[in-house]
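Because only heavy atoms are used, hydrogens play no part in the values below, and waters and symmetry mates are left out as well, while side chains stay in.
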Amino acid sequence: MATAGENSAAELLLRAAALVPLDRYALAALVLAAAFLYRFLELHVLGDLLRGLRGGRVALTFHPDSQVYHRVASKCRSLHGRYLATPWLASPHLQTLFLGIWGRPPSVTYRRQLYTVRDGGTIALDWLLASDWEDGSSCDGTISSDDSTPIVVVVPGLTSDSTAAYVKHLVFSMASNGWNVVVGNHRGLGGISITSDCFYNGGWTEDIREVVNYLHQKYPEAPLFTVGTSLGANILVKYLGEEGESIPIAGAASICSPWDLLVTSRFISRKLVQRCYDKALAIGLKGYAKLHQPVLARLANWEAITSSRSTREFDHHATCVVAKYETVDTFYRKCSCANYIGNVSVPLLCISALDDPLCTREAIPWDECRANKNIVLATTPNGGHLGFFQGLTAGRLWWVEPVSEFFSALHDSPCMHRQKTQEHGLQSPLESSIDKGPYVNLMEDGMVAAVTNEDTNTHESLDKHNQAVSEMEGSDVNVQQNGITSVLQDESHSAVKNTSGTEDNVPSAQGPVGSQEQREELSTDKIRDAIAPVKKSINQLIRSQGRSVWWLAYIAVVTSWPLLGAIGFFLYRKKFRNSSPAKRLLRG
């Protein structure tokens, strides 16, 4: 009976379902598919509608005392507004894919310059001058050595060159504002062959270093600004941290940097959609490798390179072998720009999207950026990877505008970085600003004195004093009757001068008692002679360092009191014996 009832209930449900029209099932399937795609593509159309299509607010992270923010970034209108994505591209994946496939770039015509680096490699420098924008084809395409027009150096991302859509958007905007722009293509890209055994990678900063130094030497009057995008941003920030103060860069911008290559590598292999990006990047890397197969096949295992299915496998078979890194994790750790943020001394604007499908928000070094007064970090809720499309037609990239505003405000402000010559050797990339101590001078007597900011008159008087002391020590040498020399000390010591044995309260050298006393006086003179250079050095330290030298004296006394006690007993033992308490003790 129960079985028959159950069968009848199932039959009733099937009959009821059969009565529902097919278009209703199709509609339900569409709704489920839309919900799945909304979650899978991370769409935010509903969120934009709930916010009244105002977009997400731009969040700024900076040091409270940062002059770069108060005098430069605070004047950038776009950094204090909101960003609203193009409605039909309201997804980080749609923005990233649209940028790579189409991107709607403006029409740009470059002037190419080939530059050969020291190791024999060739780099293509693609120029777009402000005069090209103003005068069209009537310009000869040259820049005079005394031209003061700012130059923007662009570092593209992974397997990208000057033809990338986002690069053209940036170049077009800066040139239209009257700035000269040059794109430093990575070696082996831009249609240029590999002419050495060196390939670029995420931590290779030698190319940007040589290009910047070359431009600075050729156009010394033109301020240099740099923009790094994606992996190029990692290279740029690492370069800024390696150079520190001795860098000819006036200002910089980092767009969608991966920050930590190890964290980013693990992120793109975590979910299905990120693994799709990983495979797409691996395909691009293998295409780059095929362009230079004759060179790369000689340096690494070509079959292993072509069989790579992810960026990590490609880095294992190609990058680590050519660049001589022990492991892939070692390569990622050493080349991550997050390790160099503390040493960045150039005004730096960093822009990242929190929904970036390639460079995760987990790798953003929030605290390091906040601790550095030269860095302003701007984050938006949406934007994708280098996308940031805005407007109904998606004809503009939002991040180009704040970069242009930041550079223009920085160029008109006193916060623009000035290169400082490095006279005491290279600075460690990971050196903290807290550990920067004063430079030191090594004196002739082996003592070390810190260099202070005192006037030159003080140093001149100190040199004259030292010269006078040395003249006194070289001239005032008298020979005693018994052939032993006595050197006059400086004014801090009592002069011991014995020529005839009858002057200056010094007993005559007659009899055994006199000879014993004379030997004691001579030994005292030797001790004083040994202490004199130390005293002179301490006096010099006092003049140069002030009260801080007393800590040195205190440490010296505490650590050497046994020796000083023995010397004091030797010098004053005669007086101790002649004293009344000592006589009483001896008699007792």
Side-chain angles (χ1 to χ4, degrees), residues 27-62 73 76-104 165-166 169 229-230 233 254-259 263-264 267-268 270-277 280 349-366 369-370 376-403 405:
L27 181 61
L30 288 176
V31 170
L32 292 176
F36 172 78
L37 289 177
Y38 192 91
R39 296 287 298 176
F40 182 79
L41 296 178
E42 302 179 37
L43 294 168
H44 48 81
V45 179
L46 297 180
D48 293 340
L49 291 175
L50 292 176
R51 286 193 294 266
L53 296 178
R54 294 185 302 166
R57 185 178 297 275
V58 181
L60 298 179
T61 302
F62 54 90
C76 301
R77 181 178 179 182
S78 57
L79 292 178
H80 295 81
R82 294 174 177 269
Y83 164 66
L84 176 63
T86 300
W88 49 277
L89 291 175
S91 164
H93 307 292
L94 294 180
Q95 293 213 42
T96 304
L97 291 176
F98 185 77
L99 179 65
I101 297 174
W102 191 15
R104 304 195 63 183
Y166 63 87
H169 277 281
T229 56
S230 189
S254 168
I255 313 300
C256 295
S257 173
W259 298 108
V263 174
T264 303
F267 172 75
I268 61 176
R270 184 182 304 169
K271 297 180 181 180
L272 176 61
V273 62
Q274 271 74 36
R275 287 198 293 269
C276 294
Y277 286 109
L349 172 65
C350 303
I351 299 178
S352 295
L354 299 182
D355 65 348
D356 194 320
L358 289 174
C359 302
T360 173
R361 61 187 297 177
E362 300 172 5
I364 299 178
W366 304 92
C369 292
R370 187 180 293 106
V376 175
L377 172 63
T379 56
T380 59
N382 312 116
H385 186 69
L386 296 175
F388 295 88
F389 286 100
Q390 61 180 1
L392 292 177
T393 60
R396 294 175 297 157
L397 304 184
W398 173 83
W399 61 265
V400 174
E401 185 177 359
V403 169
E405 292 177 353

Residues at least two apart in sequence or cross-chain that pass ring-ring contact (aromatic ring centres under 6.0 Å, His included) with Trp366, listed by chain then number, are none

Using side chain to side chain donor-acceptor pair (under 3.5 Å) as the criterion, list what pairs up with His385, not counting sequence neighbours. Ser230, Asp356

Run the ring-ring contact (aromatic ring centres under 6.0 Å, His included) test against Tyr166 and tell me which residues pass, sequence neighbours left out. none

Counting N and O atoms only, with roles assigned by atom type, does the side chain of Thr86 sit under 3.5 Å from a partner on the main chain of Gly391, one being a donor and the other an acceptor? yes

Results of salt bridge (charged side-chain N to carboxylate O under 4.0 Å, His left out) for Arg82 - residues two or more places apart only: none

Please identify each residue that fulfils side chain to side chain donor-acceptor pair (under 3.5 Å) with Glu42, with sequence neighbours left out. His93

Suppose the criterion is salt bridge (Lys or Arg N to Asp or Glu O under 4.0 Å): which pairs have a residue in residues 376-386, not counting sequence neighbours? none

If you measure from CG on Asn382 to CG on Leu89, what distance do you get to the nearest 0.5 Å? 12.0 Å

CZ/Arg275: more than 12 non-hydrogen atoms of other groups inside 6.0 Å: yes

Quick one: list whatever passes side chain to side chain donor-acceptor pair (under 3.5 Å) with Ser78, sequence neighbours left out. Glu405

Sequence neighbours excluded, which residues qualify as side chain to side chain contact (heavy atoms under 4.5 Å, CB included) partners of Leu32? none

Once salt bridge (Lys or Arg N to Asp or Glu O under 4.0 Å) is applied, what residue pairs with a partner in residues 45-59 remain, sequence neighbours excluded? Asp48-Arg51

Tell me, please, which residues at least two apart from Ser91 pass side chain to side chain donor-acceptor pair (under 3.5 Å). none

With sequence neighbours excluded, residues passing ring-ring contact (aromatic ring centres under 6.0 Å, His included) with Phe98: Trp88, Trp102, Phe389

Of all residues at least two apart in sequence or in a different chain, which pass the ring-ring contact (aromatic ring centres under 6.0 Å, His included) check with Trp259? none

